[in-house]
Enquirer: 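Submitted below is the structure of interest, expressed as structure tokens.
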Amino acid sequence: MKQASLCSYLAFLLLLILFTGASALFGQHIIAAPDSCTSLDISEKLVVGDIRLIGNKVTRDKIILRELELTSGDTLALSDFCRLVKQSRLNLLNRSIFNFVTVDSIRDGANQRLMHLEFQFVERWYFWPFPIFELADRNFNAWFNTGKYDRVNYGMLMTHNNFRGRIEQFRILIRAGFNQNFSVRYDIPYLTRDQTFGLGFLAGLSRNPEAAIANVDDKQLFFKPASGFARENLYGGMVFSYRPAIRNTHSLMVTLDYLKVADSVILLNPDYSVNDDSELYNLAFSYTFKHDFRDHKPYPLSGYYFDTELSYRKLFTEFEYPDFFVLKASFDFYEALTNRLYWASNLTARFTDKSRQPYFLSTSFGFNNDFVRSYELYVIEGYNWGIMKNNLKYQLLKPQISRLPWIQSEKFNKIHYAIYLNLFADFGYVRQNPDRINSGLQNQLLHGFGLGMDFVTYYDLVFRFEYGINHLHEKGLFIHFVAPI
């Protein structure tokens, strides 16, 4: 769950704190079994025997076998055998459908060179009817800083993360409150026999009684009309995916949007739309390539990751408006320095062929994970920008596994958790046309430094608390629910 409501996260955090403390007193601590490869002769050649799968009550066998780096009948040196078994286990965990995956290698009694593999799984809970109580702003600090604590959304999110046991994802969102939204999405990762091509569908309607219509001093300026909605958006689309290798994924998303904004929005900011149109259609094509070699996607400690996205947009208006392209690329690097010390870095850059875009399409610096830490309260407008993030982490609490005997379901009674302390140093630059500069943060180097603590646990949950200072000498405590890099 990359995006869950604040209420769900806080409830999980409270439960996990209780679980962690209780498991220390009453739980059964589990020590991982030693690597079965350590007992083998390093010069030995092995033949992979049977591959047995145990515990996958929902997940189809073919979905699991797709993630393995070795197959029955392969002849491998011991070092290659151990490496591929370890990587296969990580591949399965990174699909986010198992809480735990353990592997045992079993030597054949009749043929000592034949090594059977036994994979044991603890599957996750896949169907989540989540009640939603979430903030209507970009992050917790931005919401808190408004002083308008009624800016919250509520509703229901129903999602199935392993529909039909084929890693198909089905999601229905019904959101009310400050922002209103209804959306449905269905993703089928594997349509073909060789499990390489996939297809997805999405559609939705969103209505906002209040909308950001401009940036002033690097803060969003919101407008609420006297009646009706400031912004309404109806959209639909398809996603085509191609995964020829375990770590490489190509996808093409095609969407058509219908946008309607209040006439007063255009009067206040003519650049919000194009040609003073309060209604228009927007056709978008977005191609994404991902190369993923991280050890653990929700909170990586070693490996690397690269993605690039090329987007094309066509606006249908009464008068001709030029099409435009956007290119965004990101590279993450992770390295274990010592037994408990880790380094992580990220480089992200965004370029566009048009320095002027309608405000409703501008991807300002400060959304999602695209910001310099300690600038969480700012939204910086610019057509090109870049970020460099750096983290030095210390593993305060090594990954622990505990079992809670009073909980019956294996999907919840076996938990893992770890705590990391970190120092961070981030740098960024947002480029804007000189005639459109509206703040002191554009066209200059931004930097933020600080320290933090990350709590990592099962179901891909990360709770992050950071204290930072920026180049304006502003200090603050910031809360996030994803890994920093």
Enquirer: If I compare all heavy atoms of Asn391 with all of Pro484, which pair ends up nearest, and what's the gap?
Expert: OD1-CB, 4.0 Å
Enquirer: Using a 4.5 Å cut-off on heavy atoms from C-beta on, say whether the side chain of Thr249 contacts that of Tyr242.
Expert: no
Enquirer: Between His250 and Phe289, how do the two ring planes meet: parallel, tilted or perpendicular, split at 30° and 60°?
Expert: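 Plane angle between 30° and 60°, so tilted.
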Enquirer: Examine the side chains of Ser206 and Asn208 and answer whether a donor and an acceptor come within less than 3.5 Å of each other.
Expert: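 The criterion, which ignores hydrogens and geometry beyond distance, is not satisfied for Asn208 and Ser206.
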Enquirer: Any chance you could measure Ile246, atom CD1, to Asn91, atom CG, to the nearest 0.5 Å?
Expert: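 These two atoms lie 4.5 Å from each other.
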Enquirer: Is there a donor-acceptor contact under 3.5 Å from the side chain of Glu381 to the main chain of Asp218?
Expert: no
Enquirer: Please determine whether side-chain contact (heavy atoms from CB on, under 4.5 Å) holds for the pair Leu446 and His471, giving the CA-CA distance in whole Å, both sets of side-chain angles, and the decisive distance to 0.1 Å.
Expert: CA-CA 7 Å; Leu446 310 173; His471 87 283; 4.0 Å; yes
Enquirer: Might you confirm whether atom CZ of Arg431 has over 12 heavy atoms from other residues, nucleotides or ligands at distances under 6.0 Å?
Expert: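 Open.
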Enquirer: Check for me whether Lys290 meets the cation-pi criterion with Phe306, that is, NZ or CZ under 6.0 Å from the six-membered ring centre and within 45 degrees of the ring axis.
Expert: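 Ring-cation test returns no.
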Enquirer: Measuring centre to centre across the rings, with the benzene-like ring taken for any Trp, is Tyr304 within less than 6.0 Å of Phe333?
Expert: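 Here the rings of Phe333 and Tyr304 have centres that are no less than 6.0 Å from each other.
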Enquirer: List the atom of His447, the atom of Val372, and the distance in Å for their closest heavy-atom pair.
Expert: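 So the two residues come closest at C-CG1, 4.1 Å.
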Enquirer: Parallel under 30°, tilted from 30 to 60°, perpendicular over 60°: which one fits the rings of Tyr459 and Phe412?
Expert: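 Tyr459 and Phe412: parallel rings.
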Enquirer: With a 4.5 Å heavy-atom cut-off, do Gln169 and Arg185 have their side chains touching?
Expert: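 Answer no - side chains too far apart.
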Enquirer: Got a salt bridge between Arg243 and Glu67, using NZ or NE/NH1/NH2 to carboxylate O under 4.0 Å?
Expert: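 Yes.
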Enquirer: Rounded at 0.5 Å granularity, tell me how far OG1 in Thr348 sits from NZ in Lys389.
Expert: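 Those atoms lie 7.0 Å apart.
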Enquirer: Which one of Arg207, Glu232, Arg175 satisfies the side-chain hydrogen bond (donor to acceptor under 3.5 Å, both in side chains) criterion with Gln180?
Expert: Arg207
Enquirer: Rounded to the nearest 0.5 Å, what separation is found between the CG atom of Leu327 and the CZ atom of Arg350?
Expert: 10.0 Å
Enquirer: When you check the gap from the basic side-chain N to the acidic O, do Lys86 and Glu69 get nearer than 4.0 Å?
Expert: no
Enquirer: Stepwise, does the side chain to side chain donor-acceptor pair (under 3.5 Å) test hold for Ser345 with Asp332?
Expert: CA-CA 6 Å; Ser345 289; Asp332 300 337; over 6 Å; no
Enquirer: Does the pair Gln195 and Ile63 meet the rule for a side-chain contact (heavy atoms from CB on, under 4.5 Å), with working shown?
Expert: CA-CA 8 Å; Gln195 299 185 102; Ile63 297 297; 3.4 Å; yes
Enquirer: Is there a side chain to side chain donor-acceptor pair (under 3.5 Å) between Tyr190 and Arg60? Walk through the geometry before answering.
Expert: CA-CA 12 Å; Tyr190 303 131; Arg60 304 290 184 94; over 6 Å; no
Enquirer: Examine the side chains of Ser330 and Asn346 and answer whether a donor and an acceptor come within less than 3.5 Å of each other.
Expert: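 Result is yes, a qualifying pair exists.
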Enquirer: Atom CD1 in Ile167, atom OG1 in Thr59: separation rounded to 0.5 Å?
Expert: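 The distance works out to 7.0 Å.
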Enquirer: Measure across Arg313 and Ala284 and return the closest heavy-atom pair with its distance rounded to 0.1 Å.
Expert: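 Here Arg313 and Ala284 meet closest at NH1-CB, 3.7 Å.
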Enquirer: May I ask you to establish whether Lys393 and Tyr299 are in a cation-pi arrangement, using a distance under 6.0 Å from NZ or CZ to the six-membered ring centre and at most 45° from the ring axis?
Expert: yes
Enquirer: Is there a side-chain contact between Phe365 and Ile387 (heavy atoms, below 4.5 Å)?
Expert: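 A side-chain contact under 4.5 Å exists here.
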Enquirer: Can you check side chain to side chain donor-acceptor pair (under 3.5 Å) on Gln400 and Tyr417, steps first, answer last?
Expert: CA-CA 5 Å; Gln400 305 287 314; Tyr417 49 90; 5.1 Å; no
Enquirer: Could you grab the distance from atom CD of Gln220 to atom CG of Leu377, nearest 0.5 Å is fine?
Expert: 12.0 Å
Enquirer: Do Thr159 and Asn161 pair up side chain to side chain, a donor and an acceptor below 3.5 Å, judged on atom types alone?
Expert: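 Asn161 and Thr159 do have a side-chain donor-acceptor pair below 3.5 Å.
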Enquirer: When you measure from the centre of the six-membered ring of Phe351, is the NZ or CZ of Lys328 under 6.0 Å away and within 45° of the axis?
Expert: no
Enquirer: Which of parallel (below 30°), tilted (30 to 60°) and perpendicular (above 60°) describes Tyr126 and His160?
Expert: parallel
Enquirer: Once you round to the nearest 0.5 Å, how far does CG of Leu347 lie from CZ of Phe427?
Expert: 11.5 Å
Enquirer: Considering residues at least two apart in sequence or located in another chain, which fulfil the salt bridge (Lys or Arg N to Asp or Glu O under 4.0 Å) criterion with Lys297?
Expert: Asp292
Enquirer: With no hydrogens and no angle check, just 3.5 Å: does a side-chain donor-acceptor pair link Arg89 and Asn94?
Expert: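 No, Asn94 and Arg89 have no side-chain donor paired with an acceptor closer than 3.5 Å.
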Enquirer: What I want to check is whether the side chains of Tyr394 and Asn422 have a donor and an acceptor closer together than 3.5 Å.
Expert: no
Enquirer: Without hydrogens or angle criteria, can the side chains of Glu474 and Tyr378 be said to hold a donor-acceptor pair below 3.5 Å?
Expert: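 Side chains of Glu474 and Tyr378: pair found under 3.5 Å.
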Enquirer: Hey, is Asp460 close enough to Arg124 for a salt bridge, meaning N to O under 4.0 Å?
Expert: yes
Enquirer: Does Arg464 have any salt bridge (Lys or Arg N to Asp or Glu O under 4.0 Å) partners at least two apart in sequence or in another chain, and if so, which?
Expert: Glu466
Enquirer: Looking at every heavy atom in both Phe367 and Val379, which two are closest together, and how far apart are they?
Expert: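 In this case the closest contact between Phe367 and Val379 is CE1-CG1, 3.7 Å.
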Enquirer: Hey, does Arg171 have a side-chain heavy atom less than 4.5 Å from the side chain of Leu173?
Expert: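 Sidechains of Arg171 and Leu173: in contact.
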Enquirer: Side chains of His291 and Tyr305: do they bring a donor and an acceptor to under 3.5 Å?
Expert: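 Side-chain D/A pair, His291 to Tyr305: absent.
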Enquirer: With heavy-atom distances below 4.5 Å as the criterion, would you say the side chains of Tyr342 and Tyr334 are in contact?
Expert: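 Side chain of Tyr342 against side chain of Tyr334, heavy atoms only: no contact under 4.5 Å found.
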Enquirer: Run Asn369 and Val482 through side-chain contact (heavy atoms from CB on, under 4.5 Å) and show every step you take.
Expert: CA-CA 9 Å; Asn369 216 24; Val482 294; 4.3 Å; yes
Enquirer: Would you find a donor on one side and an acceptor on the other, under 3.5 Å apart, between the side chain of Ser311 and the backbone of Ser286?
Expert: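 Pair absent, no side-chain N/O of Ser311 close to backbone of Ser286.
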Enquirer: So Phe121 and Leu92, do their side chains get closer than 4.5 Å, heavy atoms only?
Expert: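 Answer yes - side chains close enough.
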Enquirer: Which heavy atom in Asp187 sits nearest to a heavy atom in Pro189, and how many Å separate them?
Expert: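 Minimum heavy-atom separation between Asp187 and Pro189: O-CD, 3.6 Å.
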Enquirer: Do the ring planes of Tyr312 and Phe325 sit parallel (below 30°), tilted (30 to 60°) or perpendicular (above 60°)?
Expert: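 Taking Phe325 first and then Tyr312, their aromatic rings sit tilted (interplane angle of 30° to 60°).
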Enquirer: Before giving the answer on side-chain contact (heavy atoms from CB on, under 4.5 Å), spell out for Leu53 and Phe119 the whole-Å C-alpha distance, their side-chain angles and the decisive distance to 0.1 Å.
Expert: CA-CA 5 Å; Leu53 309 178; Phe119 287 82; 4.0 Å; yes
Enquirer: Checking Glu123 now: which residues fulfil salt bridge (Lys or Arg N to Asp or Glu O under 4.0 Å) with it, not counting sequence neighbours?
Expert: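 Partners of Glu123 under the salt bridge (Lys or Arg N to Asp or Glu O under 4.0 Å) test: none.
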Enquirer: To check you understand the geometry: which heavy-atom pair defines the closest contact between Phe449 and Ser374, and what is its length?
Expert: N-OG, 4.5 Å
Enquirer: Can you check whether Leu93 reaches Arg95 side chain to side chain, under 4.5 Å on heavy atoms?
Expert: no
Enquirer: Are Glu168 and Tyr186 linked by a side-chain donor-acceptor pair shorter than 3.5 Å?
Expert: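 Per modelled atom types, Glu168 and Tyr186 side chains form a pair under 3.5 Å.
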Enquirer: For the pair Tyr359 and Tyr272, name the ring-plane relationship: parallel under 30°, tilted 30 to 60°, perpendicular over 60°.
Expert: tilted
Enquirer: Quick check: does any side chain N or O of Asn413 sit under 3.5 Å from a backbone N or O of Arg403, one acting as donor and the other as acceptor?
Expert: no
Enquirer: Any side-chain heavy atom of Leu361 within less than 4.5 Å of one from Asn282?
Expert: yes
